[in-house]
Amino acid sequence: MISFIEIIVGLAAGLAVGSGFVAFLTVLGIIPRLMQLSKTKSYLRFYEWAIILGAWAGVFFSFNDFLIPTPYLIEIYIGLLHGIFVGMLAAALTEVLNVFPILTRRLRMEKYLYAFVLAIVLGKISGSLFQWIIFVNK
């Protein structure tokens, strides 16, 4: 009985996360905006397959203890690519939603917009470094 409940909860959670992911990509127009900014509209099929294969790979690696031994330089390169992707996705999201202009206007901080963005970037970098240096075991 407990296994059945775990299966139902797992499926419900997966459907909720999947629905949120699809809503994020379609309603906000993240991928079309990313293609427009990077001038890669001709690669639409590659974007579609990258999203599908990325989701499948994420599920596979999340549920298995499968490890790929790689040298540190390759891991650094892969980490750099992940960071670039997340940064571009965050930039596309903030541009679509006009987050920073609205936030600075509401806080009456228009003249501090550069410092505000710099503080967010430095906070993200220091938080990531703190997590990797302190919490990630080697």
Side-chain angles (χ1 to χ4, degrees):
M1 182 66 179
I2 291 178
S3 296
F4 179 73
I5 294 172
E6 289 175 351
I7 290 171
I8 297 299
V9 169
L11 284 173
L15 286 172
V17 170
S19 300
F21 180 67
V22 170
F24 175 74
L25 292 177
T26 57
V27 172
L28 296 177
I30 298 298
I31 300 301
R33 185 64 181 144
L34 189 60
M35 287 188 307
Q36 182 183 12
L37 288 175
S38 61
K39 297 180 176 90
T40 56
K41 289 182 183 179
S42 61
Y43 295 106
L44 176 62
R45 293 284 179 219
F46 291 110
Y47 278 98
E48 291 172 350
W49 279 105
I51 292 168
I52 292 168
L53 294 175
W56 282 353
V59 169
F60 177 78
F61 288 117
S62 293
F63 287 108
N64 292 304
D65 290 332
F66 183 75
L67 297 175
I68 301 172
T70 55
Y72 286 119
L73 289 177
I74 292 175
E75 289 182 12
I76 290 170
Y77 180 70
I78 291 171
L80 180 66
L81 292 178
H82 281 116
I84 290 170
F85 175 75
V86 170
M88 286 182 65
L89 196 61
L93 178 62
T94 56
E95 185 173 330
V96 167
L97 297 177
N98 293 326
V99 171
F100 293 132
I102 293 170
L103 187 61
T104 54
R105 258 186 264 126
R106 289 199 178 160
L107 295 175
R108 295 185 178 95
M109 295 177 53
E110 291 93 355
K111 60 184 175 182
Y112 301 112
L113 179 61
Y114 179 76
F116 183 66
V117 172
L118 187 62
I120 291 172
V121 169
L122 292 176
K124 176 67 176 166
I125 291 171
S126 61
S128 296
L129 287 174
F130 180 78
Q131 185 215 354
W132 280 101
I133 291 170
I134 303 298
F135 292 114
V136 175
N137 297 326
K138 290 189 177 194

The reported gap from CD1 in Ile74 to CD1 in Ile68 (rounded to nearest 0.5 angstrom) is 10.5 Å
Counterpart residues, ring pair (Phe, Tyr, Trp, His ring centres under 6.0 Å), relative to Tyr43 (two or more places apart): Phe46
Can you sort out the partners of Ile84 under side-chain contact (heavy atoms from CB on, under 4.5 Å), two or more places apart, ordered by chain and number? Leu80, Met88
Does Leu81 have any side-chain contact (heavy atoms from CB on, under 4.5 Å) partners at least two apart in sequence or in another chain, and if so, which? Tyr77
Please tabulate, for the side chains in residues 108-124, all donor-acceptor contacts under 3.5 angstrom to protein atoms that are two or more places apart in sequence or on a different chain.
none

Applying salt bridge (Lys or Arg N to Asp or Glu O under 4.0 Å), which residue pairs with at least one partner in residues 41-59 are found, sequence neighbours left out? Arg45-Glu48
Residues clustering with Trp49 (ILVMFWY side chains joined when closer than 4.5 Å, directly or via others): Ile52, Leu53, Trp56
Quick one: hydrophobic cluster around Leu15, which other residues, with the 4.5 Å side-chain cut-off, linked directly or via members? none
Partner residues of Leu129 under the side-chain contact (heavy atoms from CB on, under 4.5 Å) criterion, sequence neighbours left out: Ile125, Ile133
Applying salt bridge (Lys or Arg N to Asp or Glu O under 4.0 Å), which residue pairs with at least one partner in residues 72-87 are found, sequence neighbours left out? none
Taking ring pair (Phe, Tyr, Trp, His ring centres under 6.0 Å) as the definition, give me every residue that meets it alongside Phe63, ordered by chain and number, with sequence neighbours left out. none
Under the rule for side-chain contact (heavy atoms from CB on, under 4.5 Å), what residues qualify as partners of Asp65, not counting sequence neighbours? none
For Phe85, what residues pass the ring pair (Phe, Tyr, Trp, His ring centres under 6.0 Å) criterion, not counting sequence neighbours? none
